[in-house]
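Read through the structure below, which is laid out as structure tokens, and then see the notes.
The sequence lines fix the lettering, A, B, ..., with proteins before strands; numbering per chain opens at 1.
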2 protein chains.
Amino acid sequence: MRNARHPERNEIEVLSVMGALSDPIRVGLVRVLADGRERGWGELRAPVAKSTLSHHLRVLRDAGVTRTRQEGTRCFVELRRDDLDARFPGLLAAVLTAADAAGIGADVGLAP
Amino acid sequence: MRNARHPERNEIEVLSVMGALSDPIRVGLVRVLADGRERGWGELRAPVAKSTLSHHLRVLRDAGVTRTRQEGTRCFVELRRDDLDARFPGLLAAVLTAADAAGIGADVGLAP
DNA sequence: TTCGTCGTTCTACGAACATCGAACATCGAC
DNA sequence: GTCGATGTTCGATGTTCGTAGAACGACGAA
């Protein structure tokens with residue numbers, strides 16, 4: 001959003017990323033974004049209130065996991081895969097594989 | 001830990017592991033154990049009270065990150081590297097590399 | 001301008017967490 | 001049996017987290 005603080009690639013901290021990826025909703029969001037496509041905020045579906053979804057997206061953004069871009073009145077979210085892979089090689093892939101196998105965050109998805 | 005519950009390899013959950021590895025003290029403990037050697041409880045040094053250290057070791061154990069063995073009145077702790085690598089390939093290595101580079105948990109060590 | 005949409009922020013609350021000191025249980029040594 | 005060492009557990013405390021609803025600010029459309 002407006003005061004969005006996206007950490008630079010070399011400012012991304014592993015503890016923050018681990019913390020961000022220890023919640024099922026947030027892992028679900030990452031899974032949805034894992035195809036590399038940018039998604040509109042309103043496209044995202046999660047079993048939580050709007051304010052809670054905003055909170056989770058903020059945690060991901062602050063940790064450096066996602067990037068949020070504002071365009072007019074709406075936002076687009078994207079996974080910072082390149083930055084994460086460069087900084088923590090193998091981490092994202094490991095989490096995605098495990099989450100996929102366990103079905104974690106399966107209740108997070110996209111609008112029909 | 002007489003009632004120590006060590007999850008089986010296939011019971012280890014990625015969210016629990018991520019949560020366990022999102023605290024600097026616990027990451028420091030994992031770094032100390034990363035050489036694969038089993039360590040005595042009393043050998044471990046961390047800037048927290050004994051009860052707090054016990055708590056952190058329990059979190060790691062419950063998550064399946066470490067294994068605790070009791071021998072008489074003392075305990076020995078060990079990293080479950082094989083199980084973690086088998087279940088979440090690349091995860092532990094990624095975290096250890098990042099933690100090492102950032103000096104996370106550097107205040108955790110071994111008795112002289 | 002007025003209205004409605006979009007997403008954030010504020011406020012609040014219960015749950016979970018990190019922390020400590022004290023009390024406890026267990027075991028080996030004397 | 002008694003003592004000391006070793007970890008765990010309990011109780012308390014302050015903090016952080018996940019959650020929701022309400023209010024807000026920014027923008028586009030009518």
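- Taking the side chain of A:Ala49 as heavy atoms from C-beta on, and the options C:dT8, D:dT8, D:dA20, the nearest nucleotide is D:dA20.
- Phosphate proximity of D:dA5 to B:Trp41: absent, as no side-chain N or O sits under 4.0 Å from OP1 or OP2.
- A close approach under 4.0 Å does not occur between any side-chain nitrogen or oxygen of B:Arg74 and OP1 or OP2 of C:dT26.
- Among pairs with a residue in residues 93-109 of chain B, those fulfilling side chain to side chain donor-acceptor pair (under 3.5 Å) read B:Arg31-B:Asp100, at least two apart in sequence or across chains.
- The side chain to side chain donor-acceptor pair (under 3.5 Å) check on A:His56 picks up A:Arg26, with sequence neighbours excluded.
- Note: CZ (B:Arg58) to P (D:dT9) measures 6 Å, nearest angstrom.
- Across every non-hydrogen atom of A:Leu33 and A:Leu79, the tightest pair is O-CB, 3.8 Å.
- Rounded to whole Å, atom C1' of D:dG7 lies 10 Å from atom CG of B:Leu53.
- For the pair B:Glu71 CD and D:dG7 C1', the interatomic distance rounds to 15 Å; values are reported in whole Å.
- Judged by closest nucleotide on DNA chain D, B:Leu57 is the one of A:Ser22 and B:Leu57 placed further toward the 5' end.
- Side-chain atoms of A:Ser51 and base atoms of D:dA20 include a donor and an acceptor less than 3.5 Å apart.
- Checking the phosphate oxygens (OP1, OP2) of C:dG7, no side-chain nitrogen or oxygen of A:Arg69 falls inside 4.0 Å.
- The distance between atom CG of A:Leu21 and atom C1' of D:dG18, rounded to the nearest whole Å, is 16 Å.
- Within the 4.0 Å cut-off from OP1 or OP2 of D:dT19, at least one side-chain nitrogen or oxygen of A:His56 is found.
- Nearest to the side chain of B:Cys75, among C:dA18, C:dC20, D:dT8, sits D:dT8.
- Ranking C:dT8, C:dA18, D:dG18 by closeness to the A:Asp23 side chain, first place goes to D:dG18.
- No donor-acceptor contact under 3.5 Å links the side chain of A:Ser54 to the base of C:dG7.
- Computed from coordinates, the A:His55 NE2 to C:dT11 P distance equals 17 Å when rounded to whole Å.
- One atom, CD of B:Gln70, and another, C1' of C:dC27, lie 9 Å apart when rounded to the nearest Å.
- In this structure, A:Asn10 and A:Arg87 approach most closely via the heavy-atom pair O-NH2, 3.3 Å.
- A close approach under 4.0 Å does not occur between any side-chain nitrogen or oxygen of A:Thr73 and OP1 or OP2 of D:dA26.
- A:Lys50 has its NZ atom 18 Å from the P atom of C:dT11, to the nearest Å.
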(request) Check the pair B:Thr68, B:Leu57 against side-chain contact (heavy atoms from CB on, under 4.5 Å), reporting the backbone distance first and the verdict last. (result) CA-CA 9 Å; B:Thr68 300; B:Leu57 286 170; 5.6 Å; no

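- Atom C1' of nucleotide D:dG7 and atom CZ of B:Arg39 are separated by 19 Å, given to the nearest angstrom.
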